[in-house]
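Here the structure comes first, spelled out in structure tokens, and everything after it is commentary.
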Amino acid sequence: MKIAILGAGAFGAALAVALGREGPVTLWGRGQTSREIARLPGITLPETVSVTAEIADIAPADAILLALPMQALAMFAQAHAANLVDKALVACCKGVDLRSGLGPVEILARLSGPAPAVLTGPSFAADIARGLPTALTLACADEAMGERLQRVLSTPVLRLYRTTDVIGAELGGALKNIMAIASGVVIGAGLGDSARAALMTRGYAEMQRFALAHGAKAETLAGLSGFGDLVLTCTSDLSRNFRFGHALGAGQSFDPTQTVEGAATAKAVAQIAAREQIEMPISCMVAALIDGKVTPSEAMQSLLSRPLKQE
Ligand SMILES: NC(=O)C1=CN([C@@H]2O[C@H](COP(=O)(O)OP(=O)(O)OC[C@H]3O[C@@H](n4cnc5c(N)ncnc54)[C@H](OP(=O)(O)O)[C@@H]3O)[C@@H](O)[C@H]2O)C=CC1
Ligand SMILES: O=C(CO)COP(=O)(O)O
């Protein structure tokens, strides 16, 4: 399978480095002509990676990995549909589209071709690019396609686990970013590690509630794409979602050019939760915080004053 990666940001470039160690890969980025990656400083692309800003150059690829921000995916897929149809598409983004309420695989499934897959799980781009061991979930509804992609995209240090539970894998990756923001708020506001552990645990319950209501399997949420990525991004200040929340909690500003997927996803999830009457107090509070409707201390007060209940 010939591989092309779309998006020369941190994750796309890291995947190109990892897969480029095993064979030729094409990396497309808008306006990307250099082999230096602005969003992944200090990393050099191997010679096996062809860098291009011409979307037509991905034509020979059989498998296309889309490593773009979630909120850009739908427009991108529509604009470049002719280059994507009939390819094995792998969404590498985490989130829920704010306009449609759809996840990345549902968006890509609007194009004709094989069932799209999603690649998600605990993996900082910088770790992948450095060749550190990483395990991810590859979810595809078509089992045979999933097996093929798993084989082609696994390397000795990038270990892919497979599932057909696409919605579970997608929602785990989308929802954990909201919890990473909330964890950042807790730490940034000086509320301590015990409060963060409580937040993560109740956040995980919230992730399960939302995902199960949308047909996901509980064991998928307990895997790499849910619990695994929740732990990583709620506890590491390498996470942009965590750092964004930390800045919110500490009353500091945050670089608006950084990709913080949990921000738009919190709003999308709050809207869906209200419509479908799913209890999502942390997600709704994160959405309200981002919109400036509540302060961090009001958010915390509101969460702590909820009625006492069974765990
Ligand atoms: N970074 C990480 O550690 C990981 C990221 N992910 C996921 O990968 C996805 C991408 O994130 P990441 O690579 O980190 O983000 P970055 O901010 O590093 O890069 C995003 C890239 O997408 C490009 N882009 C943005 N909008 C468009 C558009 N409309 N058309 C074409 N290109 C566009 C940007 O180009 P430009 O620079 O020109 O704006 C940039 O190259 C996210 O969903 C994230 O959750 C998943 C696992 C790990
Ligand atoms: O999803 C990630 C690691 O699995 C990257 O996290 P951030 O987008 O918060 O940096």
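In listed order, ligands and their atoms are each counted from 1. Values in this document were obtained by computation on a predicted structure and should not be read as measured data. Hydrogens, waters and symmetry mates are skipped; everything else that's a heavy atom, side chains included, is used.
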* Examine the proximity of ligand 2 to Asn241 and report which part, side chain or backbone, both or neither, has a heavy atom under 4.0 Å away. => both
* Considering only heavy atoms, does Gln258 approach ligand 2 within less than 4.0 Å through its side chain, its backbone, both, or neither? -> neither
* Structure fact -> Contact region, Val260 to ligand 2, non-hydrogen atoms below 4.0 Å, reads neither
* Just by distance, do the side chain of Arg39 and the backbone of Ala8 share a donor-acceptor pair under 3.5 Å? -> no
* **Proximity of Glu261 to ligand 2 by residue part, where a heavy atom lies under 4.0 Å** => neither
* Asked: Under 3.5 Å, N or O to N or O, is Gly121 touching ligand 2 that way?
  -> yes
* Asked: Of all residues at least two apart in sequence or in a different chain, which pass the salt bridge (charged side-chain N to carboxylate O under 4.0 Å, His left out) check with Lys2?
  -> none
* Between Glu261 and Lys176, is there a salt bridge with N-O shorter than 4.0 Å? -> no
* **Option nearest atom 9 (O) of ligand 2 (shortest heavy-atom distance, choices Gly262, Ser239, Cys234)** => Ser239
* Provide, to 0.1 Å, the distance between atom 8 (O) of ligand 2 and the closest protein heavy atom, together with that atom's residue and name. => Arg240 NH2, 3.0 Å
* Less than 4.5 Å apart, any side-chain heavy atom of Pro116 and any of Glu106? -> no
Pairs under 3.5 angstrom, nitrogen or oxygen on both sides, ligand 1 versus protein: list them out, please.
unit_1: ligand 1; atom_1: 1 (N); unit_2: Arg240; atom_2: NH2; d: 3.1
unit_1: ligand 1; atom_1: 3 (O); unit_2: Ala125; atom_2: N; d: 2.8
unit_1: ligand 1; atom_1: 8 (O); unit_2: Cys92; atom_2: O; d: 3.2
unit_1: ligand 1; atom_1: 13 (O); unit_2: Ala10; atom_2: N; d: 3.3
unit_1: ligand 1; atom_1: 13 (O); unit_2: Phe11; atom_2: N; d: 2.9
unit_1: ligand 1; atom_1: 14 (O); unit_2: Arg240; atom_2: NH1; d: 2.8
unit_1: ligand 1; atom_1: 14 (O); unit_2: Arg240; atom_2: NH2; d: 2.9
unit_1: ligand 1; atom_1: 17 (O); unit_2: Arg39; atom_2: NH1; d: 2.8
unit_1: ligand 1; atom_1: 17 (O); unit_2: Thr259; atom_2: OG1; d: 2.5
unit_1: ligand 1; atom_1: 18 (O); unit_2: Ala10; atom_2: N; d: 2.9
unit_1: ligand 1; atom_1: 26 (N); unit_2: Arg30; atom_2: NH2; d: 3.4
unit_1: ligand 1; atom_1: 37 (O); unit_2: Arg39; atom_2: NE; d: 3.4
unit_1: ligand 1; atom_1: 37 (O); unit_2: Arg39; atom_2: NH2; d: 3.4
unit_1: ligand 1; atom_1: 38 (O); unit_2: Arg30; atom_2: NE; d: 3.0
unit_1: ligand 1; atom_1: 39 (O); unit_2: Arg30; atom_2: NH2; d: 2.9
unit_1: ligand 1; atom_1: 41 (O); unit_2: Gly9; atom_2: N; d: 3.2
unit_1: ligand 1; atom_1: 43 (O); unit_2: Lys94; atom_2: N; d: 3.1
unit_1: ligand 1; atom_1: 43 (O); unit_2: Glu261; atom_2: OE2; d: 2.5

